[in-house]
Amino acid sequence: MISKADVAHVAELARLEFSDAELDQFTAQLDEILNMVDQLESVDTTDVPVTTQSVHLENIMRQDVASTPTPLNELMANVPTSKGNLIQVPAIIDKEED
Amino acid sequence: MDYFKTDIEKLHHQLANGELTSVDLVQSTLEGISQIDPEVQAFVTVNTAAALKQAEAVDQAGIATDQPLAGVPVAIKDNIVTKGLKTTASSKMLANFVPIYDATVVEKLTAAGAINVGKTNLDEFAMGSSTENSAIQVTKNAWDHTKVPGGSSGGSAASVASGQVVVALGTDTGGSIRQPAAFNGVVGFKPTYGRVSRWGLIAFGSSLDAIGTLTRRVRDSVPVMNTIIGHDDKDSTTVDRSAEDLGAKIGQDLTGMKIALPKEYLGDGVDAAIVAQVQAAAKQFEAMGATVEEVSLPHTKYAVPAYYIIASSEASSNLQRFDGIRYGFRAQDVKTLDDVYVRSRSEGFGAEVKRRIMLGTFSLSAGFYDAYFKKAGQVRTLITRDFEQVFENYDLIIGPTTPTPAFKIGDKVTDPLTMYMNDILTIPVNLAGLPAMSVPAGFVDGMPVGLQLIAKHFDEATLYQAGAAFEDANNYVDQIPGGQA
């Protein structure tokens with residue numbers, strides 16, 4: 001059983017915020033999904049390795065060669081707000097904590 | 001252009017011998033889209049000006065007989081980036097995002113002379129099974145506009161099924177090509193994991209994602225897949241194999257082919273009429289000289305829970321990049337940097353995307369990792385071993401693509417768990433990284449249903465061989481929304 005406090009903690013880790021009503025809804029839905037997932041407990045996985053990649057590749061190496069980077073003006077093309085070649089963001093230090 | 005009456009091979013002959021120009025073909029395709037799509041809503045963006053310009057260039061250069069895709073219009077799912085053409089992933093987060101590079105698959109299609117006529121709708125970030133999770137629009141099933149087209153490649157499936165294009169690219173993480181193909185009565189092809197570069201595919205579940213095709217005919221998928229496969233330095237998970245013709249076995253006799261029919265794919269929750277269609281298909285394969293035997297894939301029922309942990313965990317990691325700083329949606333009136341992250345993500349992502357980020361973050365968090373992420377990865381191994389054991393004795397696995405035909409718009413969207421169970425028959429394939437295809441297998445209550453074919457790693461040729469034989473043995477391809485082709 002996942003609690004509303006657990007969900008609020010996970011939201012913080014995920015950099016998401018929810019209203020109180022949304023938290024209630026997400027708690028109920030996640031609880032239902034996790035109940036479904038709990039079926040996995042009944043599978044005997046003693047000594048079974050974890051699969052993270054299905055076609056068995058490992059350690060793909062390449063030469064460390066310099067190449068022409070993407071031009072700065074292209075990289076800046078989708079930046080929401082900028083000044084010159086710099087990305088503009090709000091103050092990083094919260095003034096109230098000064 | 002009446003795409004119901006033609007195919008890529010015929011179009012290519014007409015283009016190569018000068019009966020048809022690419023400009024004419026693109027123009028008539030754009031007209032078709034402007035007539036059909038206001039109702040179907042498959043396209044998020046139509047690439048009118050650039051497509052015509054590209055077609056002119058192709059006409060000018062001339063189309064040789066060894067360029068099967070030159071001058072042929074294609075649609076591209078809107079989670080595949082296209083240089084200079086808005087790519088939204090059907091999310092508010094990327095509503096105004098104009099990529100500065102082409103995905104490798106787009107680069108390869110362009111080099112082959114194919115014309116990108118537009119970008120198709122999807123469930124936001126490819127998370128969903130009905131395309132209702134799109135933040136842009138609701139796409140309709142080509143056969144019944146009150147029903148969902150499936151998802152997440154619902155726009156690609158509906159664009160092909162409604163005759164707007166001959167081929168569309170889709171992506172498949174847990175069935176997102178095959179399920180909408182089945183719902184729309186078209187062919188959905190998902191290659192082996194690592195066959196096709198994911199460079200430029202907006203990442204969802206990186207160990208599961210695969211780019212493939214939606215077409216009306218099995219044979220139309222082949223030249224497109226042959227064009228986009230291959231090693232790419234920009235995607236280290238692409239497998240280095242020499243050039244292959246994936247369609248090389250089409251037309252070969254099926255005599256002696258050993259086909260397995262897993263009993264778990266015909267069990268509880270699968271519509272009895274769909275089971276009957278699959279059993280009829282099995283009989284057809286036997287009549288063509290194959291043998292069909294019942295087998296067991298005992299861990300099938302654990303695929304959905306394992307998948308939702310693995311895919312959501314990978315998604316929660318992949319979607320960390322959307323922070324409102326360098327590109328994408330940025331919330332207004334924010335006072336601190338942390339607010340930029342939190343508010344941009346909270347306002348930019350839709351409910352299903354947030355649900356998966358939350359589930360994934362939970363599964364990877366301290367105290368829960370072993371019980372969820374690690375356990376799911378172990379169960380994934382067991383599901384893969386089930387397939388390996390069957391493939392020791394069989395060439396192909398068949399089963400239904402979906403447990404039911406397409407459902408009504410609005411019916412399941414508020415109930416995530418019911419929606420997730422819809423993918424129970426397609427998800428195991430992604431967990432094991434296998435190639436698979438959905439081919440039209442008839443109708444249930446007037447709606448199309450699909451037969452799923454699954455092959456060994458890198459044995460796409462057998463899928464095409466069996467899929468084309470099955471298509472030829474039936475006349476489903478001549479049946480189109482509202483009548484006959």
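In what follows, chains are A, B, ... by sequence order, proteins preceding strands, each numbered from 1.
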Measuring heavy-atom distances to chain A, does [X] have an atom under 4.5 Å in its side chain, in its backbone, in both, or in neither?
X	answer
B:Asp233	neither
B:Val334	both
B:Ser316	neither
B:Thr192	side chain
B:Ile100	both
B:Phe329	neither
B:Ala376	both
B:Leu359	both
B:Leu431	backbone

For residues [X] and [Y], is any side-chain donor paired with an opposing acceptor at under 3.5 Å?
X	Y	answer
B:Thr237	B:Asp235	yes
B:Thr238	B:His231	yes
B:Asn422	B:Ser129	no

Are [X] and [Y] ion-paired here, with the side-chain N under 4.0 Å from a carboxylate O?
X	Y	answer
B:Asp323	A:Arg15	no
B:Glu460	B:Arg195	yes
B:Arg355	B:Glu352	yes
A:Lys4	A:Asp20	yes

Next item on the list: Might you point out which heavy atoms bring B:Ala306 and B:Val379 nearest each other, and give the distance in Å?
Entry: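 Minimum heavy-atom contact is CB-CG1, 4.1 Å.
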Heavy-atom pairs under 4.5 Å with chain A - which of [options] has more of them than the others?
options	answer
B:Gln320, B:Arg343, B:Met421	B:Arg343
B:Ile310, B:Leu382, B:Asp339	B:Leu382
B:Gly328, B:Gly324, B:Ala371, B:Ser236	B:Ser236
B:Leu434, B:Asp415, B:Ile383, B:Ile325	B:Ile325
B:Gly194, B:Ser365, B:Ala432	B:Ala432

What part of [X] gets closer than 4.5 Å to chain B, counting heavy atoms only: side chain, backbone, both or neither?
X	value
A:Ser82	neither
A:Leu30	side chain
A:Asn35	neither
A:Ala77	side chain
A:Glu12	neither

Pick from [options]: which one has the most heavy-atom pairs with chain B under 4.5 Å?
options	result
A:Gln88, A:Gln25, A:Gln53, A:Gln29	A:Gln29
A:Leu57, A:Ile87, A:Leu40	A:Leu40
A:Thr45, A:Leu75, A:Val43, A:Val79	A:Thr45
A:Leu13, A:Val89, A:Val48	A:Val48
A:Thr52, A:Asp38, A:Leu34, A:Ile2	A:Leu34

Aromatic plane relationship, [Y] with [X] - under 30° parallel, 30 to 60° tilted, over 60° perpendicular:
X	Y	value
B:Tyr307	B:Phe204	perpendicular
B:Tyr372	B:Phe368	tilted
B:Tyr101	B:Trp199	tilted

Checklist line | B:Phe349 six-ring centre to B:Lys354 NZ/CZ under 6.0 Å and within 45° of normal | finding: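 No, B:Lys354 and B:Phe349 do not form such a contact.
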Note to self: Taking the cut-offs as 6.0 angstrom to the six-membered ring centre and 45 degrees off its axis, would you call B:Arg241 and B:Phe458 a cation-pi pair?
What the structure shows: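 Yes, B:Arg241 and B:Phe458 form such a contact.
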Checklist line | Neighbour count >12 (heavy atoms, 6.0 Å) for atom CG, A:Asn73 | finding: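 Yes - once you tally the heavy atoms of other residues, nucleotides and ligands closer than 6.0 Å, there are more than 12.
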